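Encoded as structure tokens, the structure appears first; notes follow it.
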Amino acid sequence: MRADNTGNAASGALSMGAPGAGAPYSQLLQLKRSGPEPLCYQLAQSLERAVADGTISHGTKLLPDSDMARELNLAVATVRSAWTYLERKGLLTRRRQAGTFIR
């Protein structure tokens, strides 16, 4: 891992939980705040699409729930609901003390 000139860590998606292209999740995961569909479902669908089209790679470690919620301006419970749904579908795996990963 290396640090860029701003002091931020810079490395591959697997080690830092960043999407493949280095773009923030808030740009990759599209949510419509004013719509009939619950945000947790929108988040789950958006992540599924990003994995299916290769924007986010299999094996990627996602940000911790609280960090993801902060980045997406969501409640932590919304992120956890989406991740639980995707874990049941087999897209995510969660490991205590290790994190949440795309399968």
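Source: prediction; values computed, not measured.
- Rounded to the nearest 0.5 Å, atoms CG (L28) and CG (L72) are 10.0 Å apart.
- A donor-acceptor pair is defined here as one N or O able to donate and one able to accept, closer than 3.5 Å; such a pair exists between the side chain of S46 and the backbone of Q30.
- Using a 4.5 Å heavy-atom cutoff, the side chains of W83 and L43 are in contact.
- Between atom OG of residue S26 and atom CZ of residue R70 there is a gap of 13.0 Å, rounded to the nearest 0.5 Å.
- For S57 against I102, the heavy-atom pair with the smallest separation is O-CB, 3.7 Å.
- Taken to the nearest 0.5 Å, the CG atom of L62 stands 5.0 Å off from the CE atom of M68.
- The local environment of CZ in R88 is sparse, with at most 12 non-hydrogen atoms from other residues, nucleotides or ligands closer than 6.0 Å.
- Cluster annotation: L29 is connected to Y41 through the hydrophobic network of ILVMFWY side chains, with a link wherever side-chain heavy atoms come within less than 4.5 Å.
- In terms of heavy atoms, D65 sits closest to T100 at OD1-OG1, 4.4 Å.
- Using a 4.5 Å heavy-atom cutoff, the side chains of R33 and L74 are in contact.
- Using a 4.5 Å heavy-atom cutoff, the side chains of K61 and R95 are not in contact.
- Nearest approach of A44 to A82, heavy atoms of both residues: N-CB, 4.1 Å.
- Rounding to the nearest 0.5 Å places CD of E87 at 7.5 Å from CZ of R103.
- To the nearest 0.5 Å, the span separating OH on Y25 from CG on L47 amounts to 8.0 Å.
- The line from OG1 of T78 to CD of Q42 is 10.5 Å long, rounded to the nearest 0.5 Å.
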